[in-house]
> 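Encoded as structure tokens, here's the structure I'll be asking about.
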Amino acid sequence: MDKGEENAASEEKAQLLTENGRSDTEEYLPGLEIKEKGSVPALLVCVRVFPEGFVSILSILESKSVKNIQWITGKDFTVERGRQQIEEHISTWDVDRRWLHWTEFLWEEELKHSKRYHYRVCWSIPTRRKPIPRATANVYFIIEISKTKPATLPVEVSFSLEYSRLIHRPEQCQFREQWLKDIIENKIILMERLNL
């Protein structure tokens, strides 16, 4: 059997595995359970079916449901209501109770096809010994209202972390407390290097 025939046979077996569905998955992964009806239980990464018929799975990533809220519509939006919705969304994040934060409106930005409202959420962990923390971590939110879409649609929301260009969408990303820790830790390291 040459290389081309091996690859064709391998692809055929992979196709059969996907066509047969869950029963074959259970055969290869007996401990896999569906936690929620209708959700994808796991994401298989780097799956290869070898000519001998066995399957190699290099990693399995558990899927987690992303917590989100029902965002306000464009016609009902106000700056204060936007701030309240950000607070409501933050309440779905899994962060330690010691973290304190405050949210403020920064500015409004007029674009050709939309209007953006910028907010900042400042995080810190004050302690008895240091009620004023050495460093804080900021998360920047943008609430965008389209001028071309119907005003009855929910606003579009995104957020990014301080010193990061990566834009997160609340419905697609689960916030991680470690992100805040990393920002504060990096600021403290920088301050120590600069002798501040």
Side-chain angles (χ1 to χ4, degrees), residues 29 31-36 39-47 57-72 77-109 114-145 154-196:
L29 302 169
L32 187 64
E33 297 176 18
I34 291 184
K35 293 181 179 151
E36 292 180 27
S39 70
V40 179
L43 174 63
L44 304 178
V45 182
C46 283
V47 176
I57 301 171
L58 297 180
S59 63
I60 299 175
L61 302 174
E62 280 277 336
S63 64
K64 290 185 176 180
S65 61
V66 177
K67 298 174 188 171
N68 199 8
I69 64 166
Q70 182 64 43
W71 292 94
I72 194 167
F77 179 82
T78 63
V79 169
E80 179 57 26
R81 185 70 180 121
R83 191 191 65 72
Q84 291 169 356
Q85 287 249 277
I86 290 170
E87 288 287 334
E88 186 181 342
H89 176 66
I90 287 172
S91 70
T92 68
W93 292 355
D94 292 327
V95 293
D96 193 288
R97 292 178 337 127
R98 297 175 302 149
W99 285 97
L100 298 180
H101 71 275
W102 54 274
T103 306
E104 69 173 336
F105 172 71
L106 297 175
W107 75 87
E108 181 181 321
E109 180 182 14
S114 65
K115 210 177 223 186
R116 288 182 178 171
Y117 296 86
H118 296 258
Y119 295 84
R120 176 175 69 164
V121 182
C122 187
W123 292 85
S124 67
I125 300 181
T127 62
R128 272 189 199 170
R129 288 186 171 184
K130 293 188 179 182
I132 299 173
R134 287 183 67 190
T136 60
N138 293 306
V139 179
Y140 295 97
F141 279 83
I142 296 176
I143 297 179
E144 188 168 354
I145 301 172
V155 295
E156 292 182 26
V157 181
S158 61
F159 67 91
S160 61
L161 303 166
E162 186 174 3
Y163 302 123
S164 175
R165 289 191 213 165
L166 182 63
I167 296 172
H168 303 276
R169 304 265 178 215
E171 69 276 3
Q172 297 173 348
C173 171
Q174 184 63 44
F175 187 83
R176 290 173 182 81
E177 181 180 353
Q178 187 61 44
W179 296 342
L180 298 174
K181 291 177 182 176
D182 291 344
I183 292 169
I184 289 177
E185 188 177 301
N186 288 335
K187 283 183 175 181
I188 291 172
I189 289 169
L190 181 65
M191 284 188 282
E192 288 170 354
R193 284 188 182 165
L194 297 174
N195 296 322
L196 296 176

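Note that the structure is predicted; figures quoted are calculated from it, not measured. Numbers here simply count residues along the sequence, with the first being 1.
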> Which residues pass the salt bridge (charged side-chain N to carboxylate O under 4.0 Å, His left out) test with Arg120, not counting sequence neighbours?
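Salt bridge (charged side-chain N to carboxylate O under 4.0 Å, His left out) check on Arg120 returns Glu104.
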> Counting only heavy atoms not in Ile132 (residues, nucleotides, ligands), do more than 12 fall under 6.0 Å from its CD1?
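No, not enclosed.
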> Just jot down the side-chain hydrogen bond (donor to acceptor under 3.5 Å, both in side chains) partners of Asn186, sequence neighbours excluded, or say none.
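Once residues adjacent in sequence are excluded, Asn186 has no partner under the side-chain hydrogen bond (donor to acceptor under 3.5 Å, both in side chains) criterion.
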> Please enumerate all residues that pass ring-ring contact (aromatic ring centres under 6.0 Å, His included) together with His89, with sequence neighbours excluded.
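Here the qualifying residues are Trp71, Trp93.
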> Hey, are the side chains of Phe141 and Leu106 touching, using non-hydrogen atoms and a 4.5 Å cut-off?
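Phe141 vs Leu106: side chains apart.
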> To the nearest 0.5 Å, how far apart are CD in Glu87 and CD1 in Ile90?
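If we round to the nearest 0.5 Å, Glu87:CD and Ile90:CD1 are 5.0 Å apart.
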> State whether the number of non-hydrogen atoms from other residues, nucleotides or ligands found under 6.0 Å of Gln178 atom CD is greater than 12.
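Result for CD/Gln178: enclosed.
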> Would you indicate whether the side-chain heavy atoms of Val155 and Ile72 approach each other to under 4.5 Å?
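Yes, their side chains come closer than 4.5 Å.
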> Under the rule for salt bridge (charged side-chain N to carboxylate O under 4.0 Å, His left out), what residues qualify as partners of Glu144, not counting sequence neighbours?
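Applying salt bridge (charged side-chain N to carboxylate O under 4.0 Å, His left out) to Glu144 gives Arg116.
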> Nearest 0.5 Å, what's the OG1-CD distance between Thr78 and Gln85?
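CD of Gln85 is found 9.5 Å from OG1 of Thr78.
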> Of all residues at least two apart in sequence or in a different chain, which pass the side-chain contact (heavy atoms from CB on, under 4.5 Å) check with Ser91?
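Not a single residue meets the side-chain contact (heavy atoms from CB on, under 4.5 Å) criterion with Ser91.
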> Does the side chain of Trp123 reach to within under 4.5 Å of the side chain of Ile184, using non-hydrogen atoms?
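Side-chain contact under 4.5 Å: no.
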> With sequence neighbours excluded, tell me which residues meet ring-ring contact (aromatic ring centres under 6.0 Å, His included) with Phe105.
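Applying ring-ring contact (aromatic ring centres under 6.0 Å, His included) to Phe105 gives Tyr119.
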> Restricting to non-hydrogen atoms, name the atom on Pro133 and the atom on Ser124 that form the minimum distance, rounded to 0.1 Å.
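Residues Pro133 and Ser124, closest heavy atoms: CG-CB, 3.4 Å.
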> Suppose we screen for side-chain contact (heavy atoms from CB on, under 4.5 Å). Which residues come up paired with Glu177, at least two apart in sequence or across chains?
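Expected list: Val95, Asp96, Trp99, Lys181.
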> Got a second to check how far Leu161's CG is from Ile167's CD1, nearest 0.5 Å?
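With rounding to 0.5 Å, CG (Leu161) is 11.5 Å from CD1 (Ile167).
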> Look at the side chain of Lys115 and the backbone N and O of Glu108, then say whether any donor-acceptor pair between them is shorter than 3.5 Å.
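No, the answer is negative, given that no donor and acceptor are paired below the 3.5 Å cut-off.
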> Show, in sequence, the C-alpha distance, side-chain angles and deciding distance for Ile125 and Leu180, and conclude whether the side-chain contact (heavy atoms from CB on, under 4.5 Å) test is met.
CA-CA 10 Å; Ile125 300 181; Leu180 298 174; over 6 Å; no
> At their closest point, which heavy atom of Gln174 faces which heavy atom of Arg176, and how far apart are they?
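Nearest pair, atom of Gln174 first, then Arg176: O-NH1, 3.2 Å.
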> What closest approach, in Å, do Phe77 and Val79 show between heavy atoms, and which atom pair accounts for it?
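Minimum heavy-atom contact is CE2-N, 4.0 Å.
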> Go through the structure and list residues passing side-chain hydrogen bond (donor to acceptor under 3.5 Å, both in side chains) with Glu156, not counting sequence neighbours.
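Glu156: side-chain hydrogen bond (donor to acceptor under 3.5 Å, both in side chains) contacts with Lys149.
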> Could you tell me if the side chain of Ile143 sits less than 4.5 Å from the side chain of Ile86, heavy atoms only?
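With C-beta onward as the side chain, the pair touches.
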> Sort and list the pairs that fulfil side-chain hydrogen bond (donor to acceptor under 3.5 Å, both in side chains) and have at least one residue in residues 164-173, not counting sequence neighbours.
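For residues 164-173, and leaving out neighbouring residues, there are no side-chain hydrogen bond (donor to acceptor under 3.5 Å, both in side chains) pairs at all.
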> At what distance, to the nearest 0.5 angstrom, does OG1 of Thr136 lie from NE2 of His101?
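Interatomic distance, Thr136 OG1 to His101 NE2, rounded to 0.5 Å: 13.5 Å.
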> Quick one: closest heavy-atom pair of Arg98 and Pro126, and the distance?
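Where Arg98 meets Pro126 most closely, the heavy atoms are O-CD, 4.2 Å.
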> Could you state the interatomic distance from SG (Cys122) to CH2 (Trp102), rounded to the nearest 0.5 Å?
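Between atom SG of Cys122 and atom CH2 of Trp102 there are 5.0 Å.
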